[in-house]
Amino acid sequence: MLGGKKIIVGVTGSIAAYKAAILVRTLVRQGAEVRVVMTPLAKEFISPLTLATLSRHPILVDFFDPEDGRWNSHVALGEWADALLIAPATANTLAKMATGVADNLLLTTYLSARCPVFVAPAMDLDMYGHPTTRYNLDSLKSYGVRVVEPGEGELASGLSGKGRMAEPEEIAAALSAFFARRRSLAGYKVLVTAGPTIEPIDPVRYISNHSSGKMGYALAAELRDRGAEVILVTGRTALCPPDGVTTVEVTTADEMFRTASAAFERCEAAVMCAAVADYTPVEVSDRKIKKDGGAWTLELRPTQDIAAALGAVKGDRLLVGFALETDRERENALSKLQRKNMDFIVLNSLGDEGAGFGVDTNKITILRRNGTERAFGLKSKAEVARDIVDEIEACRAERA
Ligand code: PMT
């Protein structure tokens with residue numbers, strides 16, 4: 001239920017705006033405090049008075065109150081809310097959200113909101129299926145925006161297909177489910193490793209890999225959202241550390257080993273998502289090594305396997321690993337699961353388009369120690385993180 005939750009409902013210019021009245025009434029009946037922000041065009045589809053009456057608060061549309069010139073602070077609104085829900089969300093608003101356009105109060109509120117954001121798209125089937133809309137929705141998902149998928153059926157255009165805004169009860173149920181699980185990991189201490197390691201050869205050159213950190217950061221954010229205390233040990237990435245997560249940046253595999261091992265002592269679980277170099281140069285030159293025209297042989301030594309080291313001391317703590325494979329995927333993943341004493345391993349393959357390094361999406365199979373397997377389709381890394389954290393919760397519940 002939504003008792004005491006503060007929810008901003010954003011309404012945009014779609015025929016489905018009439019359903020916003022039922023949505024606002026449903027949220028208020030379930031105990032939520034609702035403030036409505038409308039785009040200027042939304043006022044053409046539904047009267048602000050209707051939404052003001054149902055939400056029991058004045059409607060916000062303009063940056064300045066037209067009556068007394070008072071500034072409507074989008075920053076204060078974003079800080080006030082426990083969730084921002086944009087329903088209906090038009091293709092136009094989704095495109096602006098995806099690209100950072102901030103030309104109305106709702107969009108500035110979205111850009112400054114620190115709370116979870118939900119969108120319930122509503123549009124014609126061809127607009128919904130258009131590659132641009134698909135791309136914008138994928139971008140928004142990769143930023144952690146949650147999409148309440150539209151339904152199929154008769155559309156305002158007279159056509160039939162996918163694009164009808166989800167029913168108000170479904171949208172309210174999605175919010176309730178989110179808040180119900182939000183504190184489900186309260187107090188649980190979890191180590192997450194992410195990103196690449198960098199193994200220097202000389203002051204100029206190094207050995208590394210293509211990990212962007214996106215998958216590990218999405219996991220840290222999802223665990224945090226469910227109330228866990230997260231320690232993120234990360235190689236160098238171009239990403240901003242997630243708010244509310246203790247982040248420690250490291251460079252080499254040896255540093256990651258030391259930092260992660262120390263952090264694991266304070267944790268009840270670890271998720272090993274980093275792409276750790278398996279080998280590092282035996283010697284690091286303090287001067288740039290000059291080329292002499294001939295071949296160059298670099299001597300490497302194996303690094304510590306961090307996951308295996310944690311697996312050896314884990315006791316009844318939960319250990320989750322990843323397997324990044326290019327061939328014999330299942331077999332290699334199962335071997336790592338056993339060898340490193342993991343509770344489950346998340347297999348992703350570079351053979352699957354849209355999976356693995358750098359991209360905003362991933363395609364995983366979860367292989368459990370007890371022999372069960374779950375394969376998932378291609379999803380945003382934020383959604384993949386939800387599936388993995390659901391599995392962590394399932395393992396935890398089985399042990400309780
Ligand atoms: O960062 P992104 O661009 O979003 O990409 C995500 C990802 C592809 C890096 C991620 O999804 C992933 O697969 N991470 C693990 C990559 C990897 O090193 O896989 P592996 O199969 O080589 O290693 C198996 C497991 O042992 C992993 O949990 C790894 O973190 C761990 N390991 C490996 C070597 C080592 N020395 N220490 C380790 O802890």
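First listed ligand is number 1; within each ligand, the first listed atom is number 1.
A salt bridge does not link Arg368 to Asp343: none of the charged nitrogens lies less than 4.0 Å from a carboxylate oxygen. In summary, Asp360 and Lys381 do not engage in a salt bridge, as defined by a charged side-chain N under 4.0 Å from a carboxylate O. The pair Arg301-Asp278 fails the salt-bridge criterion, with no side-chain N (NZ, NE, NH1 or NH2) lying under 4.0 Å from an Asp/Glu carboxylate O. Between Glu383 and Arg146 there is no salt bridge, since none of the side-chain N atoms of the basic residue sits less than 4.0 Å from a carboxylate O of the acidic one. Ionic pairing of Lys336 and Glu329 is not present here: no N-O contact between side-chain nitrogen and carboxylate oxygen is shorter than 4.0 angstrom. Between Arg164 and Glu154 there is no salt bridge, since none of the side-chain N atoms of the basic residue sits less than 4.0 Å from a carboxylate O of the acidic one.
With respect to atom 6 (C) of ligand 1, the closest heavy atom belonging to the protein is Met215 CB, 3.6 Å. Of the protein's heavy atoms, Gln304 O, 3.0 Å lies nearest to atom 36 (N) of ligand 1. Closest protein heavy atom to atom 5 (O) of ligand 1: Gly356 O, 3.5 Å. Protein heavy atom nearest atom 29 (C) of ligand 1, with residue, atom name and distance: Ala274 O, 3.5 Å. Of the protein's non-hydrogen atoms, the one nearest atom 35 (C) of ligand 1 is Val276 CB, 3.5 Å. Atom 2 (P) of ligand 1 has Ser212 OG, 3.3 Å as its closest protein atom, hydrogens excluded (heavy atom only). For atom 24 (C) of ligand 1, the nearest protein heavy atom (residue, atom name, distance) is Phe322 O, 2.9 Å. At the top of the distance list for atom 22 (O) of ligand 1, counting protein heavy atoms only, stands Lys336 NZ, 4.0 Å.
Residue contacts with ligand 1 leave out Ala253, since none of its heavy atoms falls under 4.0 Å from the ligand. For Ala323, the closest heavy-atom approach to ligand 1 falls below 4.0 Å. Within the 4.0 Å heavy-atom shell around ligand 1 one finds Asn348.
Every atom of ligand 1 is numbered from 1 in the order shown, and the set under 4.0 Å from a heavy atom of Gly321 is 28 (O). Remark: ligand 1 atoms within the under-4.0 Å shell around heavy atoms of Lys381 are 2 (P), 3 (O), 4 (O), 5 (O). The ligand atoms of ligand 1 that sit less than 4.0 angstrom from a heavy atom of Gly358 are 2 (P), 3 (O). Listed by number with element, the atoms of ligand 1 under 4.0 Å from a non-hydrogen atom of Lys214 are 1 (O), 2 (P), 4 (O). Taking every non-hydrogen atom of Leu324 and a distance limit under 4.0 Å, the qualifying atoms of ligand 1 come out as 8 (C), 13 (O), 16 (C), 19 (O), 21 (O). Within ligand 1, the atoms closer than 4.0 Å to a non-hydrogen atom of Cys273 are 9 (C), 10 (C), 12 (C), 14 (N), 15 (C), numbered from 1 in the order shown.
Contact annotation for Thr303 and ligand 1: only side-chain heavy atoms (C-beta onward) come within less than 4.0 Å of the ligand. Contact annotation for Asp278 and ligand 1: only side-chain heavy atoms (C-beta onward) come within less than 4.0 Å of the ligand. Both the backbone and the side chain of Ala307 come within 4.0 Å of ligand 1, judged by heavy-atom distances.
Leu175 and Val145 sit in two unconnected hydrophobic clusters of ILVMFWY residues. Membership requires side-chain heavy atoms under 4.5 Å apart, directly or through other members. Follow the hydrophobic side-chain contacts under 4.5 Å out from Val276 and you never reach Ile207; the two are in separate clusters.
With a 6.0 Å cutoff to the six-membered ring centre and a 45° limit on the axis angle, Arg396 counts as a cation-pi contact of Tyr188. A cation-pi contact, defined as under 6.0 Å to the ring centre and within 45° of the axis, is absent between Lys314 and Phe264. Geometrically, Arg374 does not engage Phe344 in a cation-pi contact defined by less than 6.0 Å to the ring centre and at most 45° from the axis.
Side-chain atoms of Tyr217 and Thr234 include a donor-acceptor pair closer than 3.5 Å. There is a side-chain donor-acceptor pair under 3.5 Å between Thr372 and Asn370.
Note: no N/O pair closer than 3.5 Å links Val359 and ligand 1 by distance alone. The shortest N or O to N or O distance between Ile306 and ligand 1 is below 3.5 Å.
The closest heavy-atom contact to atom 9 (C) of ligand 1, among the options Pro196, Ser211, Ala333, comes from Ser211. Considering Arg339, Met272, Lys340, Met342 only, the shortest heavy-atom separation from atom 32 (N) of ligand 1 involves Lys340.
Checking each of Leu347, Thr193, Val271 against Phe322 for a side-chain contact (heavy atoms from CB on, under 4.5 Å) leaves exactly one that passes, namely Val271.
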